[in-house]
Novice: 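This is the structure I have questions about; it appears just below.
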2 protein chains.
Amino acid sequence: MREDDDFLRLDRQVCFPLYAASNLFGRLYRPVLAELGLTYPQYLVMLVLWEQAPQSVGAVGERLHLDSGTLTPLLKRMESAGLVTRQRDATDERRVLVGVTAQGVALRDAARAVPQTLASGLGLSAAELSDLRATVQHLVGVLATAEAEVS
Amino acid sequence: MREDDDFLRLDRQVCFPLYAASNLFGRLYRPVLAELGLTYPQYLVMLVLWEQAPQSVGAVGERLHLDSGTLTPLLKRMESAGLVTRQRDATDERRVLVGVTAQGVALRDAARAVPQTLASGLGLSAAELSDLRATVQHLVGVLATAEAEVS
DNA sequence: AGCAGTTATATTGTGTGCAATATAATTTGA
DNA sequence: TCAAATTATATTGCACACAATATAACTGCT
């Protein structure tokens, strides 16, 4: 094996632990969120809408770094579940405004325990979690910039 | 908005930047790996197999934190593409051994440039990348432990 | 006014992820 | 020894992600 090949070792990759951590986090969230009737991406949408609603599909997608190909079917499922509303913006009919139903607002109370429930199971200190969050948030900024430069 | 609700703010979540970074990384890798005829998870499988082959499906899955429900169809596509082989282990017929074809071995030469290509596009120093990797690798260990404790 | 270019969302097709279940092979223990 | 429990992979069904494309609506420009 040549020296160059060391860069192809799995434990040298930066992307792989991110990928694995994201999957593992999703698996941890799943049973907790299932009690709320949400998947993890749906939970993220609710976090965005609980902060402000209504918002356009594009605005939600910009916040979550997701496009309409992912969000449209996801939002339709959430609409069927009675959590959100979808209606064309009267002032710009190209846009669809996503709102929160009374049931969606009520769900926020049940969701309040979720972050603590999951954090407590990890055995990491608040400081460690905060450092980790800041570090990866910075990376997301770098990656989003790199993505924007390409297109 | 009550104090408790602050924990539900998107920018307070640890999981979300991991999720977003994983997706954004996948988007950055996609065009580069497409030239090799690989998706990102397939690339990870090749990294594992280039280190050692053959390996059982379970061994690959343990390394990548993926199960047979994900790996079986993925490996079948890679087999169809002529990159890997799949055959029952003669000593334990429950297991399937995944090997690398000559074409799969040859692909390693083309892949050697991938890590550098992507890292150079980010504008992060080697030290920053190394710190980030170590930090998230540690998290993966914590999450994998938490997962194991549940089951 | 009206057409070209742009914008916002929807659709289609492919490839993951994963829980639940099924199937087949191995191991264990009475 | 042989049936029960365990193990390894495969299958099924559902929900993302995303590129490519389609469609409808808006904006600018003449």
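The sequence lines fix the lettering, A, B, ..., with proteins before strands; numbering per chain opens at 1. Just so it is clear, the values below take in all heavy atoms, side chains as well, and ignore hydrogens, waters and symmetry mates.
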Novice: More 5' along DNA chain C: B:Asp89 or A:Asn23, using each one's nearest nucleotide?
Specialist: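 First, find each residue's nearest nucleotide; the 5'-ward one identifies A:Asn23.
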
Novice: Check whether any side-chain nitrogen or oxygen of B:Arg88 sits under 4.0 Å from OP1 or OP2 of D:dT9, and answer yes or no.
Specialist: no

Novice: What is the distance, to the nearest angstrom, from the CZ atom on A:Arg30 to the P atom on C:dA20?
Specialist: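 Checked: the CZ to P distance equals 9 Å.
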
Novice: Between the base of D:dA10 and the side chain of B:Ser68, is one N or O donor paired with an acceptor at under 3.5 angstrom?
Specialist: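 Yes, a donor-acceptor pair under 3.5 Å.
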
Novice: Among C:dT9, C:dA25, C:dT16, find the nucleotide with the atom closest to the side chain of A:Val96.
Specialist: C:dT9

Novice: Run the side-chain contact (heavy atoms from CB on, under 4.5 Å) check on A:Phe16 and B:Leu64 step by step: do they pass?
Specialist: CA-CA 8 Å; A:Phe16 168 60; B:Leu64 299 179; 3.8 Å; yes

Novice: Looking only at side-chain N and O atoms, does B:Arg27 come under 4.0 Å of OP1 or OP2 in D:dC18?
Specialist: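 Yes, because at least one side-chain N or O of B:Arg27 sits under 4.0 Å from OP1 or OP2 of D:dC18.
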
Novice: With no hydrogens and no angle check, is any side-chain donor or acceptor of A:Gln55 less than 3.5 Å from a backbone partner on A:Val48?
Specialist: yes

Novice: Of the candidate nucleotides D:dT11, C:dT16, D:dC16, which contains the atom at the shortest distance from the side chain of B:Thr72?
Specialist: D:dT11

Novice: What is the distance, to the nearest angstrom, from the CD atom on B:Gln87 to the C1' atom on D:dA8?
Specialist: 16 Å

Novice: Is there a side-chain polar atom (N or O) of B:Tyr40 under 4.0 Å from OP1 or OP2 of D:dC18?
Specialist: no

Novice: Calculate the interatomic distance between B:Leu33 atom CG and C:dT14 atom C1'; express it in whole Å.
Specialist: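 Distance check: B:Leu33 CG to C:dT14 C1' gives 16 Å.
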
Novice: Would you kindly check whether a donor in the side chain of A:Arg95 faces an acceptor in the base of C:dT9, or vice versa, at under 3.5 angstrom?
Specialist: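 Checked by distance alone, the answer is no.
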
Novice: Rounded to the nearest Å, what distance is computed from the CG atom of residue A:Leu44 to the C1' atom of nucleotide D:dC16?
Specialist: 12 Å

Novice: Between A:Asp67 (CG) and C:dT7 (P), how many Å, whole number?
Specialist: 16 Å

Novice: B:Val57, B:Leu97: one ILVMFWY side-chain cluster at the under-4.5 Å cut-off?
Specialist: no

Novice: Run the numbers on B:Met46 and A:Leu8 for side-chain contact (heavy atoms from CB on, under 4.5 Å), then give the verdict.
Specialist: CA-CA 9 Å; B:Met46 291 310 297; A:Leu8 290 177; over 6 Å; no

Novice: By nearest atom, which of the nucleotides D:dC16, C:dT11, C:dT16 is closest to the A:Lys76 side chain?
Specialist: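 Ranking D:dC16, C:dT11, C:dT16 by closest atom to the A:Lys76 side chain puts C:dT11 first.
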
Novice: Tell whether A:Arg94 reaches the base of C:dT7 with its side chain through a donor-acceptor pair below 3.5 angstrom.
Specialist: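 For A:Arg94, whose side chain was compared with the base of C:dT7, there is a donor-acceptor pair (under 3.5 Å).
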
Novice: Heavy-atom nearest nucleotide on DNA chain D for A:Thr39 versus A:Glu93: which residue maps closer to 5'?
Specialist: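 Nearest nucleotide further toward 5': that of A:Thr39.
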
Novice: Select one nucleotide: of D:dA25, C:dC18, C:dG17, the one nearest the side-chain heavy atoms of A:Asp92.
Specialist: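 Looking only at side-chain atoms, A:Asp92 lies closest to D:dA25.
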
Novice: Just say parallel, tilted or perpendicular for the rings of A:Trp50 and A:Tyr43, cut-offs at 30° and 60°.
Specialist: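 Aromatic pair A:Trp50/A:Tyr43 classed perpendicular.
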
Novice: Under 4.0 Å between any heavy atoms, over every strand shown, what does A:Gly58 touch: base, sugar-phosphate, or nothing? Just pick one.
Specialist: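 Sugar-phosphate, no base atom in range.
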
Novice: Rounded to the nearest Å, what distance is computed from the CG atom of residue A:Leu143 to the P atom of nucleotide D:dA17?
Specialist: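 So the CG-P distance, A:Leu143 to D:dA17, works out to 16 Å.
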
Novice: Is the B:Tyr19-A:Phe25 ring centre distance short of 6.0 angstrom?
Specialist: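 Between A:Phe25 and B:Tyr19, which both carry aromatic rings, the centre distance is not below 6.0 Å.
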
Novice: Expressed in angstrom and rounded to an integer, what is the separation of A:Leu66 atom CG from C:dT9 atom P?
Specialist: 14 Å

Novice: For A:Arg77 and D:dC16, is the shortest distance between a side-chain N/O and OP1 or OP2 below 4.0 Å?
Specialist: yes

Novice: Just how far, in rounded Å, is P of D:dA15 from CD of A:Glu79?
Specialist: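 After rounding, the gap between these two atoms is 15 Å.
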
